[in-house]
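It should be emphasised that the depicted structure is a prediction, and the values quoted were computed from it without experimental measurement. All ligand and atom numbering here is 1-based and tracks the order in the structure.
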Amino acid sequence: MRSPKDFFKPLAVGAPAPRHEIPFRPSRMIHFFPPSNEKMRSKVPDIVPQVDVLLANLEDGVPATDKEAARAGLVEVAQNTDFGETQFWTRVNSLDSPWCLDDLTAAVLEAGEALDVIMIPKVEGPEDIHYVDRLLAQLEAKAGLSEPLMIHAILETARGVANVEEICLASPRMQGLSLGPADLAANRRMKTTRVGGGHPDYLVRQDPIDGDIESDRTIYQQDLWHYTIARMVDACGTAGILPFYGPFGDIADVVACEDQFRNAYLLGCVGAWSLHPKQIDIAKRVFSPSPESVAHARRVVEAMGDGTGAIMLDGKMEDDASCKQCQVVLSLAKELADRDPELAEAYGF
Ligand SMILES: CCC(=O)SCCNC(=O)CCNC(=O)[C@H](O)C(C)(C)COP(=O)(O)OP(=O)(O)OC[C@H]1O[C@@H](n2cnc3c(N)ncnc32)[C@H](O)[C@@H]1OP(=O)(O)O
Ligand SMILES: O=CC(=O)O
Ligand SMILES: [Mg+2]
């Protein structure tokens, strides 16, 4: 383990100094597109103003035969797009794949000026982050970058979940984590055969009515992802980095997608992936506090004065801790409103 004194030193001569804080930028959706697909690439200028993060995906979802075209597409988009306030990320292939080294090299040397974050899939432990950390420093020095690239890891193996705290604390480059429910389900040998969301057979059943097991008992579908999301949120909070829900594969089921995103929002996630244009507005809606919750938070904070003590408001006890929750909602609302005039108006800022 590195000495805490060395933690913020560059890992290569000439590389930019690591950041001490993750800069706040709206990140309600990370919008995936396959840069090997010319038609999708041509949509980038229209998509950029609609999303907080645009991600050029090189990994799963891109056929093996298109990996080089995807890398070239990433570079083309990086070099020819005006991203404005929108962040630009890429997801490289996994560290054990034949493509990862070339992906990272091209990403930093040819697209590094435009990129904010590099997403690393199938991270198993801090050693994976240490490898990427040093390699990025070497490449940044070679490219002459003045800002360090950040790392976002996907939590999608059982070992990754077991090591989640160490992964989050492995480098000052760590920006956040996403839950990868599809690969995680496969790696854990779950039997779900779908990309995120619930499963009708994962349930709890009401007790027998009048002792009759054949009676018409209500069933309650349970959340397959609660444990992992909660654990991820705590690990990210400990390290001062950002948690995200990942993909929701049932594109047509916009209702269940919104439920999954909202569960993640309420548990502490800052955003989710959008795989299809339909999911962009869902994420924008869910991960922006509602005007009602902002109005309520403002009332509580105002009524609480210096934020200490206990008061009654609308029949409910409010105290230091509920006030802090309201401050979380208010500060997110303010940060989003600073960048979005429609939200500023809806919140009354
Ligand atoms: C599961 C674990 C993971 O790793 S998830 C991440 C990997 N998968 C991905 O990144 C998938 C990204 N999404 C896609 O490739 C497409 O949305 C898929 C799922 C293939 C569906 O595409 P398609 O059959 O064209 O859908 P559609 O006809 O309903 O599309 C309507 C119009 O929207 C466009 N579109 C579609 N997806 C995107 C996208 N991600 N970004 C930008 N544009 C998109 C389509 O091209 C289509 O456009 P048009 O109306 O024909 O002009
Ligand atoms: O990469 C995402 C996943 O769910 O797997
Ligand atoms: Mg995956």
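Nearest to atom 50 (O) of ligand 1 among the protein's heavy atoms is K43 NZ, 4.4 Å. Counting protein heavy atoms only, atom 15 (O) of ligand 1 is closest to M40 CE, 3.9 Å. The nearest heavy-atom contact from the protein to atom 35 (N) of ligand 1 is P277 CD, 3.6 Å. Residue, atom and distance of the protein heavy atom nearest to atom 26 (O) of ligand 1 are H276 NE2, 3.6 Å. Nearest to atom 51 (O) of ligand 1 among the protein's heavy atoms is K39 NZ, 2.6 Å.
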(Q) The test is side-chain contact (heavy atoms from CB on, under 4.5 Å); show your working for T86 and F88 and say whether it passes. (A) CA-CA 7 Å; T86 298; F88 184 47; over 6 Å; no

Q.
side-chain contact (heavy atoms from CB on, under 4.5 Å) for I282 and M29? Distances and angles first, verdict last.
A. CA-CA 9 Å; I282 301 175; M29 76 299 293; over 6 Å; no

Q: Begin from the C-alpha positions of S274 and H31 and carry the test side chain to side chain donor-acceptor pair (under 3.5 Å) through to its verdict.
A: CA-CA 5 Å; S274 55; H31 183 74; 2.8 Å; yes

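Angle OD2(D183) to the Mg ion (ligand 3) to OE1(E156), rounded to 10°: 100°.
The backbone N or O of Q87 sits nowhere less than 3.5 Å from a side-chain atom of D116 that would complete a donor-acceptor pair.
In the vicinity of H31, heavy-atom distances shorter than 4.0 Å reach the ligand 1 atoms 39 (C), 40 (N), 41 (N), 42 (C). Those atoms of ligand 1 with a heavy atom of V195 less than 4.0 angstrom away are 1 (C). Counting atoms of ligand 1 from 1 in the listed order, those under 4.0 Å from a heavy atom of D60 are 7 (C). Atoms of ligand 1 lying under 4.0 Å from any heavy atom of N57, numbered from 1 in the order shown and given with element: 7 (C), 10 (O).
Under the 4.0 angstrom criterion for non-hydrogen atoms, G249 is not in contact with ligand 1. A heavy-atom separation below 4.0 Å is not found between E59 and ligand 1.
Between R262 and D259, none of the side-chain N atoms (NZ, or NE/NH1/NH2) sits under 4.0 Å from a carboxylate O, so this pair counts as no salt bridge. Between R231 and E165 there is a salt bridge, since a side-chain N of the basic residue sits under 4.0 Å from a carboxylate O of the acidic one. Checked for salt-bridge contact, R25 and E335 miss the test: no charged N lies under 4.0 Å from a carboxylate O. The pair R71-E110 does not count as a salt bridge, with every side-chain nitrogen at least 4.0 angstrom from each carboxylate oxygen. Between R159 and E127 there is a salt bridge, since a side-chain N of the basic residue sits under 4.0 Å from a carboxylate O of the acidic one. Salt bridge annotation for D183-R188: absent, with no cationic side-chain nitrogen under 4.0 angstrom from a carboxylate oxygen. Classification of D96 and K122 as a salt-bridged pair fails, no side-chain N sitting under 4.0 Å from a carboxylate O.
Cluster annotation: V62 is not connected to I30 through the hydrophobic network of ILVMFWY side chains, with a link wherever side-chain heavy atoms come within less than 4.5 Å.
For Q327 and S331, the side-chain atoms include no donor-acceptor pair closer than 3.5 Å. Using modelled atom types and a 3.5 Å distance limit, the side chains of H130 and S171 yield no donor-acceptor pair.
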Go ahead and list the nitrogen or oxygen contacts between ligand 2 and the protein that come in under 3.5 Å, distances to 0.1 Å, or just say none.
unit_1, atom_1, unit_2, atom_2, d
ligand 2, 1 (O), R91, NH1, 3.0
ligand 2, 1 (O), E156, OE1, 3.0
ligand 2, 4 (O), P181, N, 3.1
ligand 2, 4 (O), A182, N, 2.8
ligand 2, 5 (O), E156, OE1, 2.9
ligand 2, 5 (O), D183, N, 2.8
ligand 2, 5 (O), D183, OD2, 3.0

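Put simply, atom 1 (C) of ligand 1 has protein non-hydrogen atoms near it, under 4.0 Å away. For atom 23 (P) of ligand 1, the protein comes within 4.0 Å by no heavy atom at all.
Under 4.0 angstrom from ligand 1, there are no non-hydrogen atoms of K278. Under 4.0 angstrom from ligand 1, there are no non-hydrogen atoms of R194.
Residues F32 and H276 place their aromatic rings such that the two centres sit no closer than 6.0 Å.
Among the atoms of L275, some N or O lies under 3.5 angstrom from an N or O of ligand 1. When only interatomic distances are considered, the shortest N/O to N/O separation between F32 and ligand 1 falls below 3.5 Å.
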